[in-house]
Number of protein chains: 2
Amino acid sequence: MNEKEYLEIYDATQFDSPLMTVDSVLLTIKDNQLCVLLAKRANHPFIGQWGLAGGFIDTAKDKSIEDCAKRKLVEKTGVVPSYLNKLTVQGDPDRDPRGWSVSVAYYALIAHQACEAHIEDVSEVEWVTLESLASTSLELAFDHLTIIDKALVQLKVDASRTLIVAHALPTHFTLGELQKAHEIILGCSIEKKSFRRRIEKADVLEDTGEMSKAAGRPAKLFKVKSELDAYSFRCGLDL
Amino acid sequence: MNEKEYLEIYDATQFDSPLMTVDSVLLTIKDNQLCVLLAKRANHPFIGQWGLAGGFIDTAKDKSIEDCAKRKLVEKTGVVPSYLNKLTVQGDPDRDPRGWSVSVAYYALIAHQACEAHIEDVSEVEWVTLESLASTSLELAFDHLTIIDKALVQLKVDASRTLIVAHALPTHFTLGELQKAHEIILGCSIEKKSFRRRIEKADVLEDTGEMSKAAGRPAKLFKVKSELDAYSFRCGLDL
DNA sequence: TCAATAGTGTCTATTAGACACTATTCC
DNA sequence: GGAATAGTGTCTAATAGACACTATTGA
């Protein structure tokens, strides 16, 4: 039998394969708090419980796994997030009552202002602060709480090595706002001068020429350069 | 309809879901060269071509995705690798001629001595140097070459921030051997004193009390402590 | 003795943190 | 002027790289 003949008689449904979903942890900074986007499940299983934005790959529409993640996020928020990255994959026989199941998880950042209108329209989608998620005993669908925990760990790592946190802010932001966002995510205060030195060295922010208008002295407004996503502060051995 | 009723009538086969495979990039240092384990495919598609160790999840045997990766590696090498970690997931409609397919990829390290006997027994499994893989136009099955490239990038990152490279060496090794392994992987020479300072600070190696017997002054033989896998050199902001 | 490799001592340049200082706005 | 926040200057301690040095083996 050659490959062509093999492919003609190949029937995927005859093999017992795991279910596969794509789930995204969309995070933002809102009212000086880190928040995650949760959706109330409209279908079984875990109907009526809160869970991550996600679902099955549509083999007709999706051209990649990331496409699927984006499609699901657009359904919930109306927009493609400014930052989206692979987070993890987890799978076992018990995480889904329907059987052996795999979740490919992404984590994403966005300015909450970018999707405020859409989220207010849709009653079953909400920003939930991580503080309240940790303190209340809100039961999430599947192992979505585990996935959120992994996203928080990854976000902390990224916040201390890169400037991607900027994606959780509006397009124009001050260095003070960016520093505050890092402090919220890392859970500790950062020395102002050190922070600004790092930003200057990274050279991934662009001065918009505009100024903020808040209490105190106006601050320069910056926006991210496209190089930002690829930038990482020097770590480990010098190469 | 309640959840129980839903689950009773649920039939996964009625939905069009992607194929899913688990593939591992097993790396080692052999004869001062970085090598990857390749297997000659015994089945369609890409029959007779070389590819990564991998295959489908067995929903009856595997209790996790990592279990599946280990099972496939044990088939090829006879042993569970000393280091195994998630690498990436990639999926699209075209990477497999059978249809929309997802590969969950792991990367793994082992001392080649640990599986030498088994590999010599099995004719269709071989260590291939990355040098020869890059220079010859050996066509690998699926997008396995892309996955190997990602593993190499990840390995370089890890080699410069952690000491997991020790897992690619025999259980007992000298600091000189470990440094040489890092130099091979990173493709540059490392300053001896800096390297040793880092190792001392990390405190993840244990002096075995034994000494090496090679040319020149004998060197202390070390082995990894269990803390090694979790250790990372300080990077980014101090927390 | 020398070749070879292991292992150490120490100078220097860079850098993160600390913190005080100046600058600019609104009231 | 004072409160508030933006932004800078500069000292210090820690550290990575550089490199010369000593140590221990076998031939």
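Each chain gets a letter, A, B and so on, in the order the sequences are listed, and its residues count up from 1.
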*Asks:* Between B/Tyr83 and B/Tyr107, what is the ring plane arrangement, given parallel below 30°, perpendicular above 60°, and tilted in between?
*Replies:* perpendicular
*Asks:* Would the B/His172 and B/Phe222 ring centres measure less than 6.0 Å apart?
*Replies:* no
*Asks:* Let me know the distance between CD1 of A/Ile190 and P of C/dT15, rounded to the nearest Å.
*Replies:* 19 Å
*Asks:* Over 60° means perpendicular and under 30° means parallel, so classify the ring planes of B/Tyr231 and B/Phe233, tilted if in between.
*Replies:* perpendicular
*Asks:* In terms of side-chain geometry, is the basic nitrogen of B/Arg196 or B/Glu200 positioned less than 4.0 Å from the acidic oxygen of its partner?
*Replies:* no
*Asks:* Holding to side-chain contact (heavy atoms from CB on, under 4.5 Å), I want the full list of residues that pass it with B/Asp92, two or more places apart in sequence or in another chain.
*Replies:* B/Asp94, B/Arg95
*Asks:* Starting at atom NZ of A/Lys213, determine the distance to atom C1' of C/dC27, rounded to an integer number of angstrom.
*Replies:* 18 Å
*Asks:* Assign a letter to each nucleotide of nucleotides 3-15 of chain D from its 5' end: B, base within under 4.0 Å of a protein heavy atom; S, sugar-phosphate only; -, no contact.
*Replies:* -BBBBBBB-----
